[in-house]
Amino acid sequence: MKLNFEVDGDEFILAGEASSQVKKILKQLGVSSEIIRRIAIAMYEAEINMVIHANGGKIEVEITPKKVYIVLKDTGPGIPDIDLAMQEGYSTASEEVRELGFGAGMGLPNMKKYSDDLKITSEVGKGTTVEITVYI
Amino acid sequence: MKLSEVKEILDAEVLVGEHNLDREVYLACGSDLMSDVLAFVKDKVLLLTGLVNPQVIRTAEMMDIKAIVFVRGKKPSEEILKLAEEKDMIILTTKYPLYISCGLLYSKGLTGQESKQEGGHET
Ligand SMILES: Nc1ncnc2c1ncn2[C@@H]1O[C@H](COP(=O)(O)OP(=O)(O)O)[C@@H](O)[C@H]1O
Ligand SMILES: [Mg+2]
């Protein structure tokens, strides 16, 4: 099964809608709640990042009996130093974003923790692609 | 602890889920930082927060958190409440601040996740 979502970069309020839908579908498919939780958290963090750091983008989700594979692609500013960005507590989020309860620099570490495989490719000025794999 | 007890202890008003107050919560977590909730909460807790925006509901949804208390008299917008209703959540609001709310619940036996964070960073 393949699902596609557009994430609006101007609507912080709507961020998480795609993750919510995927969570619902996985539940209908009978995936265990522990696995769903891991997928939901990782995807939600990535979706939030798309909105707060990169003006939105596109998400593709592929669900097979063995795994869930999520690709989040944006055309935002890119990440100059991915190793640095992966560190706990590292964040370039604005004060405005912090006031909304995000920007603690735990998103990427969280994605790593909850996924079985995390791949980030990024080019400054071009955009970022995040690939999350979780085995069911 | 039953949510009806939580309501009583915090002298709270029920904004969503009035008929579901017989549901139980076993642990609680107080935080204004959704990033931390996403990173550290392991159980299906009762969330207490002073932060009011739709991402509080979203975060709770991803974490399978079913009940939220907004502290310091904060009342979420209709939009937020509608989202919570769709997710079958229970929303309470209390006039007590976060620290006092947590203290009151804790002293009545609703504790938190015990484990200290290993390798945590200073905030
Ligand atoms: N999609 C993205 N586009 C551009 N920069 C990003 C993206 N995702 C993450 N980053 C960068 O990596 C940093 C760390 O991300 P994260 O761990 O999620 O923390 P936070 O979102 O709280 O800042 C961000 O502050 C930002 O600088
Ligand atoms: Mg983030």
Side-chain angles (χ1 to χ4, degrees), chain A residues 7-8 11-24 26-27 31-53 86-91 93 96-115 132 134, chain B residues 26-27 29-45 47-66 68-72 74 76-89 98 113 115-123:
Chain A
V7 177
D8 188 340
E11 292 285 351
F12 178 75
I13 284 174
L14 294 178
E17 188 55 43
S19 304
S20 171
Q21 300 238 358
V22 169
K23 189 170 195 258
K24 219 174 282 168
L26 291 173
K27 203 167 171 190
V31 177
S32 83
S33 61
E34 208 32 57
I35 296 277
I36 293 179
R37 189 171 144 113
R38 285 174 50 206
I39 294 165
I41 295 171
M43 181 174 169
Y44 178 58
E45 288 278 17
E47 191 180 347
I48 288 277
N49 275 359
M50 264 187 153
V51 176
I52 63 180
H53 302 300
M86 287 298 303
Q87 284 179 19
E88 285 189 12
Y90 178 83
S91 175
E96 197 187 347
V97 165
R98 283 171 210 268
E99 274 165 18
L100 291 165
F102 291 88
M106 292 304 297
L108 293 175
N110 242 356
M111 285 177 224
K112 175 127 191 104
K113 179 168 139 197
Y114 287 114
S115 61
I132 297 166
V134 176
Chain B
Y26 301 96
L27 290 166
C29 161
S31 179
D32 283 352
L33 205 57
M34 292 305 110
S35 288
D36 271 359
V37 174
L38 286 162
F40 302 122
V41 173
K42 293 188 191 74
D43 305 281
K44 294 166 191 177
V45 298
L47 176 64
L48 296 101
T49 187
L51 186 74
V52 183
N53 69 56
Q55 297 309 335
V56 174
I57 310 294
R58 290 282 181 216
T59 299
E61 179 189 4
M62 300 309 152
M63 306 298 292
D64 295 320
I65 290 172
K66 284 292 189 187
I68 304 170
V69 179
F70 289 99
V71 300
R72 242 180 294 122
K74 302 234 166 113
S77 66
E78 274 307 312
E79 188 185 21
I80 296 176
L81 294 179
K82 216 179 122 222
L83 193 60
E85 212 170 321
E86 276 168 28
K87 314 292 175 204
D88 189 33
M89 289 177 188
L98 183 58
Q113 201 170 279
S115 62
K116 285 187 188 160
Q117 193 54 43
E118 275 170 45
H121 56 280
E122 299 200 9
T123 49

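By convention in this document, chain letters (A, B, ...) are assigned in the order of the sequence lines, proteins followed by strands, and residues within each chain are numbered from 1. Nothing here was measured: the structure is a model prediction, and the numbers come from that model.
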Segment of [X] engaging chain A (4.5 angstrom heavy-atom cut-off):
X	result
B:Asn53	side chain
B:Leu38	both
B:Thr49	neither

Atom of [X], atom of [Y] and distance for their closest heavy-atom approach:
X	Y	result
A:Arg37	B:Met62	CG-O, 3.9 Å
B:Leu51	A:Leu100	CD2-O, 3.3 Å
A:Asn110	B:Ser35	ND2-O, 4.5 Å

Side chain from CB out, backbone as N, CA, C, O: work out which of these in [X] comes under 4.5 Å of a heavy atom of chain B, or both, or neither.
X	value
A:Glu99	backbone
A:Phe102	both
A:Ile48	side chain
A:Tyr114	side chain

So which of A:Gly16, A:Pro109, A:Ser19, A:Ser20 has the biggest tally of heavy-atom pairs under 4.5 Å with chain B?
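Heavy-atom pairs under 4.5 Å are most numerous for A:Ser20.
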* **For chain A, the option from B:Val52, B:Asp32, B:Thr59 that forms the most heavy-atom pairs under 4.5 Å** =>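 Most heavy-atom pairs within the cutoff with chain A belong to B:Thr59.
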Nearest 0.5 angstrom please: B:Asp64 CG to A:Glu34 CD, how far?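 It comes to 8.5 Å.
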Looking at A:Glu96, I'd like to know if its CD atom is crowded, meaning that more than 12 non-hydrogen atoms belonging to other residues, nucleotides or ligands lie closer than 6.0 Å.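 Count not over threshold, so no.
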Residues, nucleotides or ligands: over 12 heavy atoms within 6.0 Å of B:Lys82 NZ =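 Not buried by this count: 12 neighbours or fewer within 6.0 Å.
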Inset, instruction - Please tell me if the side chains of B:Leu33 and A:Met106 come closer than 4.5 Å, counting only heavy atoms from C-beta onward. - result: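 Answer no - side chains too far apart.
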Passing option when A:Tyr44 is tested against B:Arg58, B:Gln55, B:Glu61 for side-chain hydrogen bond (donor to acceptor under 3.5 Å, both in side chains):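 With A:Tyr44 as partner, side-chain hydrogen bond (donor to acceptor under 3.5 Å, both in side chains) holds for just one option, B:Gln55.
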